[in-house]
Amino acid sequence: MRSPGSPYSKFLAGVIAGAIIALVVAGVIVKVVRRQSPPPGPALLLRQGFDFKALRSENLIWRGPALGEKIDLTRLKASDGSELGQLLGKQPVMLASINPTCAMCSVAKDEMQFVREHVVPAGVQYYAVCFRPVDSISNFYEYANSIGIAAPTFEWQGEVAPPLSILDMTVPSHLLIAQDGTVLQVWPGSSNEKEVRQRMGSQIVDDTLIVSEVLRLGAFNLPSNSKPPAKPQ
């Protein structure tokens, strides 16, 4: 057995110390790289809150519209007749799809309030909309105000019905859309359980902030002075 003061023992202690220092430095580097890395695109959205993947299964007719589908924003009108499309700027907007006949919409008002309170300060406007026909007895605008979402309200009007993907979509649902009505992300449904609603709301906010930041940075667009790469001969 070698003595603690032998050259071999000193060499071994140096190796162990060096390994520990290397591990610490590597951990610091990883943290710095993570902080400096650009935010992931929509395909890499965080999933630590609630995984909406199952609710967006292609087997579900109530899953909502496909990403890239367009919504005719001229059909969504406020009580004074103004169109939603006239109010939109360059930032994406959040639509909360609700309906007076939906019992879950009243239950999920805390989730909708949470989402609105967290995305609006980030520049994403929040609107309550109704795509489905409402009977003459109900007043959608009064209903939307009564459940306390505190968001501008718009109702689908006109003889042309929304696409089936919109009509079949469960309520409440959240949709992130671009200024031209292009669907950027969809989060269908809610829950009777408050803890689940909290996780769903947090996930919607996280996803929205990521998509909004990616769009702000222009990650999906070529610079205006750039040209697409030449097609191989």
Side-chain angles (χ1 to χ4, degrees), residues 37-53 55-56 63-78 82-98 105 108-131 141 144-145 147-156 162 165-166 169-190 197-221:
S37 298
L44 301 176
L45 297 179
L46 304 177
R47 292 300 173 210
Q48 74 274 23
F50 182 89
D51 193 347
F52 281 88
K53 186 183 300 181
L55 303 184
R56 286 285 288 163
R63 64 190 294 270
L67 304 190
E69 188 172 336
K70 282 194 176 183
I71 299 174
D72 185 357
L73 301 180
T74 65
R75 300 288 180 179
L76 288 169
K77 298 185 179 182
S82 59
E83 300 173 357
L84 176 58
Q86 297 173 337
L87 304 178
L88 304 190
K90 294 183 178 181
Q91 289 292 323
V93 300
M94 182 73 76
L95 304 183
S97 175
I98 60 177
C105 291
K109 64 181 181 181
D110 57 346
E111 177 188 339
M112 291 184 276
Q113 290 168 347
F114 175 86
V115 173
R116 181 186 62 80
E117 290 170 359
H118 285 78
V119 301
V120 170
V124 178
Q125 295 305 309
Y126 189 99
Y127 301 105
V129 300
C130 182
F131 291 107
Y141 306 106
N145 291 330
I147 62 176
I149 302 177
T153 54
F154 294 82
E155 184 179 18
W156 186 277
S165 61
I166 297 290
M169 180 175 58
T170 187
V171 287
S173 287
H174 282 86
L175 304 93
L176 187 68
I177 64 169
Q179 60 182 357
D180 63 350
T182 300
V183 176
L184 302 175
Q185 195 58 252
V186 180
W187 303 268
S190 188
R197 292 198 304 275
Q198 290 174 337
R199 290 194 292 117
M200 296 175 87
S202 295
Q203 189 64 58
I204 293 171
V205 171
D206 289 344
D207 291 353
T208 299
L209 297 182
I210 290 174
V211 175
S212 180
E213 182 67 7
V214 169
L215 292 175
R216 186 186 68 81
L217 295 174
F220 297 132
N221 299 317

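The shown structure was predicted, so the numbers you read here are calculated from the model rather than taken from an experiment. Keep in mind that the numbers below use all heavy atoms, side chains included, and drop hydrogens, waters and symmetry copies.
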Peer 1: For Arg116 and Ala151, which heavy atoms make the closest approach, and how far apart are they?
Peer 2: CD-CB, 4.0 Å
Peer 1: Roughly how far apart are Thr182 OG1 and Glu69 CD, rounded to 0.5 Å?
Peer 2: 10.0 Å
Peer 1: Between Gly49 and Gln203, what is the shortest heavy-atom contact and its length?
Peer 2: N-OE1, 2.9 Å
Peer 1: Decide yes or no for Phe131 and Ile71: does some side-chain heavy atom of the first lie under 4.5 Å from some side-chain heavy atom of the second?
Peer 2: yes
Peer 1: Can you tell me how far apart CZ (Arg197) and CD1 (Ile204) are? Round to the nearest 0.5 Å.
Peer 2: 12.0 Å
Peer 1: How close do Val183 and Ala66 get, counting heavy atoms only, and between which atoms?
Peer 2: CB-O, 3.8 Å
Peer 1: Working to the nearest 0.5 angstrom, can you tell me the gap between Asp180 CG and Asp72 CG?
Peer 2: 11.0 Å
Peer 1: Is the closest side-chain donor-acceptor distance between Tyr126 and His118 under 3.5 Å?
Peer 2: no
Peer 1: Within this structure, what is the CZ-CZ distance for the pair Arg199 and Phe50, rounded to the nearest 0.5 Å?
Peer 2: 6.5 Å
Peer 1: Side-chain contact test, heavy atoms from C-beta onward, threshold under 4.5 Å: evaluate it for Phe52 versus Pro188 and give yes or no.
Peer 2: yes
Peer 1: With heavy-atom distances below 4.5 Å as the criterion, would you say the side chains of Trp187 and Leu176 are in contact?
Peer 2: yes
Peer 1: Do the non-hydrogen side-chain atoms of Val186 and Arg56 ever get within less than 4.5 Å of each other?
Peer 2: yes
Peer 1: Can you check side chain to side chain contact (heavy atoms under 4.5 Å, CB included) on His174 and Gln185, steps first, answer last?
Peer 2: CA-CA 8 Å; His174 282 86; Gln185 195 58 252; over 6 Å; no
Peer 1: Any sub-3.5 Å donor-acceptor pair from Ser212's side-chain atoms to Thr208's backbone N or O?
Peer 2: no
Peer 1: Side chains of Pro92 and Val211: closer than 4.5 Å at any heavy-atom pair?
Peer 2: no
Peer 1: Might you point out which heavy atoms bring Tyr141 and Thr153 nearest each other, and give the distance in Å?
Peer 2: CD2-OG1, 3.3 Å
Peer 1: Is it the case that the side chain of Gln91 and the backbone of Gln125 share a donor-acceptor pair, with hydrogens and angles ignored and the cut-off at 3.5 Å?
Peer 2: no
Peer 1: I want to check something: taking the side chain as every heavy atom from C-beta on, are Ile166 and Leu175 in contact at a cut-off of under 4.5 Å?
Peer 2: yes
Peer 1: Could you measure the distance from the CD atom of Gln179 to the CG atom of Leu87? Nearest 0.5 Å is fine.
Peer 2: 13.0 Å
Peer 1: Would you give the length of the straight line joining atom CD1 of Ile149 to atom CD1 of Ile98, rounded to the nearest 0.5 angstrom?
Peer 2: 4.0 Å
Peer 1: Could you check whether any side-chain heavy atom of Leu73 comes within less than 4.5 Å of a side-chain heavy atom of Ile177, counting everything from C-beta outward?
Peer 2: yes
